[in-house]
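The next block holds one structure in the form of structure tokens; read it before the comments.
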Amino acid sequence: MPQKHITILGAGITGLTTALKLNSDPSAQYHITLIASHYPGDESIDYTSPKAGADWSPQATSSPADAEMREYDKNVVKDFAVLDLEKEDAAPEGAVMGVRCQTICLDVPQHLQYLLEKVREAGVNVIRSVVDVSHGLEGVVQDAKRIAMESTYAVQDSDVFALVNCTGLGARHFVGEEEAAKLFPIRGQTITVKGEAAMDRTYDDFPPISSSIDDENELTYVIPRPGSGTTIFGGCKQVGNWDPKVDEELNGRMVERIKKWRLAEELRTGKEGDFEVVSSQVGLRPGRKGGPRVEIEGKEKVDGVWVVHSYGHAGAGYQSSVGCSEKVAKIVNELARL
Ligand SMILES: Cc1cc2nc3c(=O)[nH]c(=O)nc-3n(C[C@H](O)[C@H](O)[C@H](O)COP(=O)(O)OP(=O)(O)OC[C@H]3O[C@@H](n4cnc5c(N)ncnc54)[C@H](O)[C@@H]3O)c2cc1C
């Protein structure tokens, strides 16, 4: 019996985690080709994953509607506690809610490289190529098959039984008009500075620093990148903004708030107590109306291949990567048994 072959499109956090999950699934042995135009180490506005913070941070607000979500959060990380702000010296003026917990921070470039190494070690066929999106989803399926077959004699057309689409915002070019209209960027901008901050901190929904500036889409976070000797400062969540250029004025406001709230005093090792800036960058979180799409495409195969989507993970692609890859594996395993 020929091995079932799967093509996975995309080598961001979603594609790499999915490749590892499908490859390690003991219930089914797949042969996998991973195809992407960008890989760890590349820099492009079309490649979001290297631009992330990235940490796990609670998404629940003080709203009663989020009470259930706050309960879930308690089970995800250690020592999760809603703070009594009256007793917190460090709480900024006007704060309405705060939580403290042990969390996870990643050195994103290193983590992506690590996942890619694991994918290669696992025997996944890793190909750098742009998949032609000009003929819609069917064209994408055909082109991915062609790329897989040209890269290895082990794959015949009929062996390819599934394609997993992990192309982030790139999906908008081939998923059809109605679906593409649901996809939008949530622009983020960060500064990398020297040194590792002692704590990961996020402040959101604060009052404007000046009445002349609309900074409603801005938040402030400090995320150390363990082992890298650097820390990420952020940021913003600008819905619908595709601008790839760094906004220097926004950087100024980010640094001003971090200094004002004393969020990373230990990193002020530069001239006159400034931070030592290494770089600044823009990334586009893959937003989707209705949340991430992790599901099978329709009820029929496309050009003889089942298509399973996993895109639109917005600002939580790292947080949700393991859970989403498990869901994809479950769908693919069910399809393999048909
Ligand atoms: C500033 C910022 C901070 C963030 N912080 C966090 C955080 O703290 N925690 C968290 O969980 N998330 C965070 N995120 C969100 C997270 O980065 C994204 O959700 C995640 O990176 C999306 O990954 P992805 O693999 O789906 O897409 P991408 O990383 O964009 O990967 C898409 C892949 O598809 C490939 N591709 C697309 N089209 C084609 C084609 N036609 N042919 C071949 N290949 C193609 C690309 O080359 C690429 O390899 C942050 C994002 C930003 C911008």
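Read the numbers this way: they start at 1 and go in the same order the structure lists the ligands and their atoms. A quick note: this is a predicted structure, and the numbers were derived from the prediction, not measured. Counting begins at 1 with the first residue of the sequence.
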The option among G287, C166, S49 carrying the non-hydrogen atom nearest to atom 23 (O) of ligand 1 is S49

Using a 4.0 Å cutoff against the non-hydrogen atoms of A36, which atoms of ligand 1 qualify?
43 (C), 44 (N), 49 (O)

Measure from the side-chain N and O atoms of Y39 to the backbone N and O of I127, and report whether any donor-acceptor pair falls under 3.5 Å.
yes

I'd like to know whether ligand 1 has G235 as a neighbour, heavy-atom separation below 4.0 Å.
no

Could you tell me whether some N/O pair between R285 and ligand 1 is separated by less than 3.5 angstrom?
no

side-chain contact (heavy atoms from CB on, under 4.5 Å) partner of L116, the single match among L20, V124, V126
V126

For atom 24 (P) of ligand 1, what is the closest protein heavy atom, and at what distance to 0.1 Å?
T14 OG1, 3.3 Å

Does some non-hydrogen atom of Y47 fall short of 4.0 Å from ligand 1?
yes

For ligand 1 and A52, I'd like to know whether there is a polar contact (N/O to N/O, distance under 3.5 Å).
no

When you measure from the side chain of Q189 to the backbone of S280, do you find a donor-acceptor pair of N or O atoms at a distance under 3.5 Å?
no

Look at the side chain of E266 and the backbone N and O of A198, then say whether any donor-acceptor pair between them is shorter than 3.5 Å.
yes

Identified side-chain contact (heavy atoms from CB on, under 4.5 Å) partner of T220 from the options K260, M254, R257:
R257

Would you check whether S320 has a nitrogen or oxygen atom less than 3.5 angstrom from a nitrogen or oxygen atom of ligand 1?
no

What atoms of ligand 1 come within less than 4.0 Å of a heavy atom belonging to K51?
1 (C), 2 (C)

Using a 4.0 Å heavy-atom cut-off, say whether S310 meets ligand 1 through its side chain, its backbone, both or neither.
neither

Trace of the side chain to side chain contact (heavy atoms under 4.5 Å, CB included) decision for L137 with N165:
CA-CA 10 Å; L137 186 57; N165 169 23; 5.7 Å; no

Looking only at distance, does D55 have an N or O less than 3.5 Å from an N or O of ligand 1?
yes

Heavy atoms only: which of A314, G283, S57 lies closest to atom 18 (C) of ligand 1?
A314

Side-chain donor/acceptor of T17 to backbone N/O of T14, under 3.5 Å
no

Can you pull out the closest protein heavy atom to atom 22 (C) of ligand 1? Residue, atom name and distance to 0.1 Å, please.
P286 CG, 3.8 Å

Between K51 and V282, is there a donor-acceptor pair closer than 3.5 Å when you use the side chain of the first and the backbone of the second?
yes

When only distance counts, is T48 in polar contact with ligand 1, meaning an N/O pair under 3.5 Å?
yes

Residues Y72, D66; criterion side chain to side chain donor-acceptor pair (under 3.5 Å); working and verdict:
CA-CA 10 Å; Y72 297 151; D66 284 350; over 6 Å; no

Looking only at distances, please establish whether an N/O atom of ligand 1 is found under 3.5 Å from an N/O atom of L284.
no

Residue A54 vicinity, atoms of ligand 1 by number, heavy atom under 4.0 Å
7 (C), 8 (O), 9 (N)

Interfacing atoms of ligand 1 (cut-off 4.0 Å, heavy-atom, A316):
10 (C), 11 (O), 12 (N)

Closest non-hydrogen protein atom to atom 46 (C) of ligand 1, residue and atom name please, with distance?
H38 ND1, 3.8 Å

Should G317 be counted as touching ligand 1, given the test is an N or O pair under 3.5 Å?
yes

In the protein, what heavy atom is nearest to atom 45 (C) of ligand 1, and what distance, to one decimal place, separates them?
S37 OG, 3.4 Å

Expected output: side-chain E297 to main-chain H309 donor-acceptor under 3.5 Å
no

Among protein heavy atoms, which sits nearest to atom 5 (N) of ligand 1, and what does the distance come to when rounded to 0.1 Å?
G53 N, 3.2 Å

Got a donor-acceptor contact below 3.5 angstrom from the Y47 side chain to the A11 backbone?
yes

Check for me, please, whether V307 and V133 land in the same ILVMFWY cluster - side-chain distances under 4.5 Å, paths through other members count.
yes

Where is the nearest protein heavy atom to atom 27 (O) of ligand 1: which residue, which atom, and how far?
G168 CA, 3.8 Å

Is Y221 close enough to touch ligand 1? Criterion: a residue heavy atom under 4.0 Å from a ligand atom.
yes

Give the numbers and elements of all ligand 1 atoms closer than 4.0 Å to a heavy atom of V133.
41 (N)

CD (E121) with more than 12 external heavy atoms under 6.0 Å:
yes

Do you reckon L9 sits in the same ILVMFWY cluster as V302, going by side-chain contacts under 4.5 Å, direct or chained?
yes

Side chain or backbone, does Y318 bring an N or O within less than 3.5 Å of an N or O on ligand 1?
yes

Would you say G315 contacts ligand 1, with heavy atoms under 4.0 Å as the rule?
yes

Under 3.5 Å donor-acceptor, K145 side chain and V305 backbone
no

Report yes or no: does I13 have a heavy atom closer than 4.0 Å to ligand 1?
yes

Protein heavy atom at shortest distance from atom 35 (C) of ligand 1
G10 CA, 3.8 Å

Relative to the ring of H111, is the ring of Y318 parallel (under 30°), tilted (30 to 60°) or perpendicular (over 60°)?
tilted

Is the closest side-chain donor-acceptor distance between T152 and N125 under 3.5 Å?
no

Can you tell me which portion of T167 lies within the under-4.0 Å heavy-atom range of ligand 1? Options are side chain, backbone, both, or neither.
both

Should the proximity of S129 to ligand 1, defined as any heavy atom under 4.0 Å, be assigned to the side chain, the backbone, both, or neither?
backbone

Among protein heavy atoms, which sits nearest to atom 40 (C) of ligand 1, and what does the distance come to when rounded to 0.1 Å?
V131 N, 3.8 Å

Is a side-chain N or O of T231 found less than 3.5 angstrom from the main chain of V193, in a donor-acceptor match?
no

Distance-only N or O hit between ligand 1 and P50, under 3.5 Å:
no

Taking the six-membered ring for Trp, are Y30 and F161 parallel (under 30°), tilted (30 to 60°) or perpendicular (over 60°)?
parallel

Could you list which atoms of ligand 1 come closer than 4.0 Å to a heavy atom of G12?
25 (O), 29 (O), 31 (O), 49 (O)

